[in-house]
Amino acid sequence: VTTNHSKKSYGYVTADDAKVFDISPRFGGYVTKLYANKIYKHVKRGEALVTLYSPEVYKAKEDYLNSFKYTQGSKNRGMLKSAKLKLELLGVSAGEIKQVIRKKKVSKNTTIYATTSGYIFTKNITNGSAFNAKTKLFEIVNLDEVWVEAKVFEEDLEWLNETKSFEVTVKSSAQTYKATSSLLYPNLNPKKATLSLRLRLQNAENKLFPGMYASIISKDRAKEYLTLPQSAIIRKNRKFYAFMLGEYEGEYEPREVFVKPLNNEIYIIKSGLNAGDEVVNNALFMMDSDAQINGLY
């Protein structure tokens with residue numbers, strides 16, 4: 001039979017670290033209008049999160065406008081470039097910088113926009129809040145791709161080297177997810193003798209959320225095996241036997257075989273039999289046969 005082995009393990013869905021974004025302004029200020037006003041709200045890239053007043057940004061915009069007026073008609077634009085660069089380094093959006101020149105007027109307020117689509121996992125401000133530079137206002141988590149972290153035992157390392165595919169399921173969905181890549185963390189938990197295996201899953205519909213319990217089926221490459229159903233094998237004194245058909249009707253010969261479970265119903269025959277050998281399908285029936293009575297096994 002041509003088939004593959006499979007193993008089942010368990011783990012949890014977690015966010016992809018590379019898709020977690022902090023919104024931490026490079027300036028201090030005061031919140032004047034909060035749009036992302038609910039925890040776990042979903043926002044789209046470019047969507048306004050908060051409008052605020054920052055004395056530092058306001059002054060930088062004034063300097064930029066004054067530089068523009070001063071350098072009009074002049075070939076020396078260094079002052080204007082420096083003033084614009086300061087706004088860019090403060091994190092002011094390109095659209096807001098353009099408006100300063102277009103309207104020839106400086107707005108007291110500035111707006112911060114979402115740098116990615118995702119869910120607001122952390123919100124540290126409310127309407128009217130004051131904050132300092134480098135304060136984390138929001139944490140946005142994009143869940144278009146997620147990780148599943150599974151625990152595997154040290155003795156499974158050889159198995160993982162042969163594993164070619166991973167299938168992941170969760171209780172909340174009938175969908176089976178295929179892992180696109182995997183990473184084994186090089187860190188063994190000495191108390192539990194386990195390693196962490198990280199799988200990456202596509203989650204475009206955002207049906208998988210951090211914390212979900214996941215079942216993982218790992219499979220190796222399909223190979224051709226010589227197999228027998230477990231009913232054709234009997235175990236006695238820590239050895240395994242199959243009963244071959246003898247030369248005459250009703251004659252059976254016990255043959256020691258070396259086996260490995262393929263699944264709950266089938267053994268792989270590692271040695272002791274060859275393809276084409278005829279054996280009795282129900283080895284338990286042979287317990288009362290002449291072969292056992294005569295102590296042949």
Side-chain angles (χ1 to χ4, degrees), residues 1-11 148-169 176-179 181-186 188-199 213-297:
V1 64
T2 300
T3 186
N4 51 21
H5 294 84
S6 63
K7 277 193 176 186
K8 191 171 187 177
S9 52
Y10 302 93
V148 168
E149 292 190 351
K151 298 300 180 184
V152 296
F153 293 102
E154 187 176 358
E155 55 265 29
D156 289 332
L157 285 177
E158 184 176 351
W159 162 256
L160 290 175
N161 290 332
E162 299 294 326
T163 300
K164 297 303 177 184
S165 68
F166 297 90
E167 297 177 352
V168 180
T169 57
T176 297
Y177 296 86
K178 304 284 187 179
S181 63
S182 63
L183 174 67
L184 185 68
Y185 294 164
L188 178 72
N189 184 326
K191 292 183 179 179
K192 298 182 179 179
T194 58
L195 295 128
S196 293
L197 176 69
R198 189 184 77 194
L199 307 175
Y213 187 68
S215 298
I216 302 103
I217 300 295
S218 54
K219 297 180 179 180
D220 63 2
R221 190 187 303 276
K223 296 179 182 179
E224 187 172 294
Y225 297 102
L226 180 65
T227 63
L228 279 177
Q230 287 197 5
S231 60
I233 303 293
I234 190 171
R235 182 178 181 181
K236 185 178 177 68
N237 296 330
R238 298 184 179 181
K239 295 182 179 181
F240 293 87
Y241 296 89
F243 289 88
M244 296 187 62
L245 298 179
E247 184 178 352
Y248 303 103
E249 183 177 354
E251 182 180 17
Y252 305 100
E253 176 190 351
R255 178 76 62 84
E256 183 180 357
V257 292
F258 295 89
V259 301
K260 177 181 178 180
L262 176 63
N263 53 42
N264 292 333
E265 299 177 352
I266 297 175
Y267 279 121
I268 295 173
I269 306 301
K270 300 179 71 175
S271 64
L273 291 173
N274 298 312
D277 288 345
E278 293 186 72
V279 299
V280 177
N281 185 49
N282 189 350
L284 289 176
F285 174 78
M286 303 307 300
M287 291 185 68
D288 294 327
S289 70
D290 289 340
Q292 183 188 31
I293 294 172
N294 293 330
L296 295 178
Y297 78 98

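Being a predicted model, the structure only gives us computed values, none of them experimental.
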Q: Could you tell me whether Glu155 atom CD has more than 12 heavy atoms of other residues or ligands within 6.0 Å of it?
A: yes

Q.
Looking at every non-hydrogen atom in both residues, tell me the closest pair between Asn281 and Pro229 and how far apart they are.
A. OD1-CG, 3.4 Å

Q | Those residues that, when tested against Arg235, pass salt bridge (Lys or Arg N to Asp or Glu O under 4.0 Å) (two or more places apart) | A | none

Q: For Phe258, look at atom CZ and say whether over 12 heavy atoms of other residues, nucleotides or ligands are found less than 6.0 Å away.
A: no

Q.
Please determine whether the number of non-hydrogen atoms from other residues, nucleotides or ligands lying under 6.0 Å from atom NZ of Lys7 exceeds 12.
A. yes

Q. In Å, rounded to the nearest 0.5 Å, how long is the span from CZ of Phe153 to CG of Asn189?
A. 11.0 Å

**Q.** Sub-4.5 Å side-chain heavy-atom contact between Ser196 and Lys151
**A.** yes

Q: Kindly indicate, with the supporting measurements, whether the criterion side chain to side chain contact (heavy atoms under 4.5 Å, CB included) is fulfilled by Lys178 and Glu167.
A: CA-CA 5 Å; Lys178 304 284 187 179; Glu167 297 177 352; 2.7 Å; yes

Q) Do you know which two heavy atoms are closest between Leu188 and Thr194, and how far apart they sit? A) CD1-O, 3.3 Å

**Q.** Rounded distance [0.5 Å steps], CD in Glu265 versus OG in Ser231
**A.** 9.5 Å

**Q.** Closest non-hydrogen atom pair, Ile266 against Gln230
**A.** N-CG, 3.9 Å

**Q.** CG on Leu183 to CG on Leu197, rounded to 0.5 Å
**A.** 8.0 Å

**Q.** Shortest non-hydrogen contact between Val259 and Val257, atoms and distance
**A.** CG1-CG2, 3.7 Å

Q.
What's the separation between atom CG in Leu273 and atom CZ in Arg255, rounded to the nearest 0.5 Å?
A. 6.0 Å

(Q) Ignoring hydrogens, what is the shortest heavy-atom contact between Leu184 and Leu195? Give both atom names and the distance. (A) CD1-CB, 4.0 Å

(Q) Does any part of the side chain of Glu149, heavy atoms only, come nearer than 4.5 Å to the side chain of Tyr185, both counted from C-beta? (A) yes

Q. How long is the span from the NZ atom in Lys270 to the OH atom in Tyr225, to the nearest 0.5 Å?
A. 10.5 Å

Q | Polar side chain donor-acceptor pair, Lys219 to Thr163, under 3.5 angstrom | A | no

Q. Roughly how far, to the nearest 0.5 Å, is CH2 of Trp159 from OG of Ser218?
A. 5.0 Å

Q: Provide the closest heavy-atom pair for Gly11 versus Ile216 in the form atom of the first, atom of the second, distance.
A: N-CD1, 3.6 Å

